[in-house]
Amino acid sequence: MASSSASTLSLLILSITFFLSLNLITTQTQASNMILTVVNNCPFTIWPAIQPNSGHPVLEKGGFALHTLSHKSFAAPAQHWSGRIWARTGCTYTHTGQFSCATGGCGGKLECDGLGGAAPATLAQFTLHHGHSDLSSYSVSLVDGFNLPMTVTPHEGRGTCPVVGCKADLLSTCPDKLKMRCPAGHGPVVGCMSGCEAVGSDQMCCRNHYNSPQTCKETEFSLFFKHACPATFTYAHDSPSLSHDCSAPRELKVIFCH
C-alpha cells in the first residue's frame, strides 16, 4: 500500500514538473519571438531613434532612416529591457558631414548608439519582459514636448493591452509660446515645446522644491497637451495609469502619423 502511494506521488510530482517546464518553455518562446515594429505613415521621411535605459543593449544601432509609408520590424530582446523610441525630423547631412535634425537629434549622428534625443520629441517608453507572466508596459509621453503624432499598438497580448498615444497634429494648434521653428524665429513650426523648455522655471520643470507629486502640478501648457491627447503623460509627476501591463504580446507597433 505504501509503495502504491509513493508511486502515485512520484507520478504527480513528474506531472507537475512537466507542466511547469512546458509553461516555462512556452513563456520563453513567446518572449524571444516578440517583435518591435516602427511604422512611418507620415508624408515624409523620418529617422526613428532608440535609446535603452542604463544597463540594457542598444537596438538597431540606435537609429535609422524610414521612408514615407514604410515600416521596419526587428526582434525585441528576449530578456528584460527598457528604453524609449522617438522620431527625428528634418534631418540632413551638413557640408561638414555632420548629421543635423530639426527635431529629436542625438548629437549629430544617424545611429544614436545609446544617446538621447533633443527636445521637443514625442516619446514611446517601454519596459519589456517583467513580472511572472512576461508583462510588457508601454506609454507615450509628451513631457519633453511634441514633434509627431505617435501611438503604440500591441498585438496578440493578454490582459490590459490598449492602444495609447497621441493621434492629433499639435503643430497646428501649439500655443505661440511653445512653438519651435526651423530655421529659428521665422521657419515653419517643427515642434511644440514643453512648458519646461519654453519657460525654464523650477515650477515648470518640476525641479528642486517642485520635484514631488505634492508640488509638481499640471500647468496651462501641460493641460494643452492633456486636453488634446489624454492618453499620454504630460508632466513629470503625471500619473494617468497609462503604462499598461500587457502579457506576452506578439508585437508592439510604434506608429508615427495617422
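Basis for what follows: all heavy atoms, side chains included, without hydrogens, waters or symmetry-related copies. Model, not experiment: these values are computed from the prediction.
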Chemist: Do you know which of L148, L142, N147 makes side chain to side chain contact (heavy atoms under 4.5 Å, CB included) with L170?
Modeler: L142
Chemist: Keeping to residues at least two apart or across chains, list the salt bridge (charged side-chain N to carboxylate O under 4.0 Å, His left out) pairs with something in residues 46-60.
Modeler: E60-K72
Chemist: Using modelled atom types only, decide if a donor and an acceptor are shared between the side chain of S247 and the backbone of S133 within a distance under 3.5 Å.
Modeler: yes
Chemist: side-chain contact (heavy atoms from CB on, under 4.5 Å) for K109 and E111? Distances and angles first, verdict last.
Modeler: CA-CA 5 Å; K109 296 183 175 184; E111 297 173 345; 5.7 Å; no
Chemist: How far apart are the C-alpha atoms of V140 and T122, what are their side-chain angles, what is the distance that settles it, and do they pass the side-chain contact (heavy atoms from CB on, under 4.5 Å) test?
Modeler: CA-CA 7 Å; V140 171; T122 315; 3.9 Å; yes
Chemist: To the closest 0.5 Å, what do you measure between CH2 (W81) and CZ (F126)?
Modeler: 7.5 Å
Chemist: List, by chain and number, the other hydrophobic cluster members for L115, where Ile, Leu, Val, Met, Phe, Trp and Tyr join if side-chain heavy atoms come within less than 4.5 Å, directly or indirectly.
Modeler: none
Chemist: Once rounded to the nearest 0.5 Å, what's the spacing between atom SG of C205 and atom OH of Y210?
Modeler: 12.0 Å
Chemist: Is there a side-chain contact (heavy atoms from CB on, under 4.5 Å) between L252 and S136 once you walk through the steps?
Modeler: CA-CA 9 Å; L252 289 173; S136 289; 4.3 Å; yes
Chemist: Could you go through the side-chain contact (heavy atoms from CB on, under 4.5 Å) check for L110 and K61 one step at a time?
Modeler: CA-CA 9 Å; L110 169 62; K61 299 181 179 179; over 6 Å; no
Chemist: Can you list the residues that meet the ring pair (Phe, Tyr, Trp, His ring centres under 6.0 Å) rule with H227, with sequence neighbours excluded?
Modeler: none
Chemist: Can you name the nearest heavy-atom pair linking A121 to W86, along with the distance?
Modeler: CB-CD1, 4.1 Å
Chemist: For residues 204-223, which residue pairs pass the salt bridge (charged side-chain N to carboxylate O under 4.0 Å, His left out) check, not counting sequence neighbours?
Modeler: D202-R207
Chemist: For a quick test of your reading: what N or O donor-acceptor pairs under 3.5 Å do the side chains of residues 185-192 make, sequence neighbours left out?
Modeler:
residue: H186; atom: ND1; partner: A184; partner atom: O; Å: 3.4

Chemist: What pair of heavy atoms forms the shortest contact from P48 to V38, and how long is it?
Modeler: CG-CG1, 3.8 Å
Chemist: Could you tell me which residues satisfy ring pair (Phe, Tyr, Trp, His ring centres under 6.0 Å) with Y93, sequence neighbours excluded, listed by chain and number?
Modeler: F99
Chemist: Do you know the tightest heavy-atom contact between S73 and I35?
Modeler: CB-CG2, 3.9 Å
Chemist: Atom SG of C166 and atom NZ of K226: how far apart are they, to the nearest 0.5 Å?
Modeler: 11.0 Å
Chemist: Which atoms form the tightest heavy-atom contact between F146 and A168, and what is the distance?
Modeler: CZ-O, 3.4 Å
Chemist: Please report the interatomic distance SG(C112) to CG(L59), rounded to the nearest 0.5 Å.
Modeler: 12.5 Å
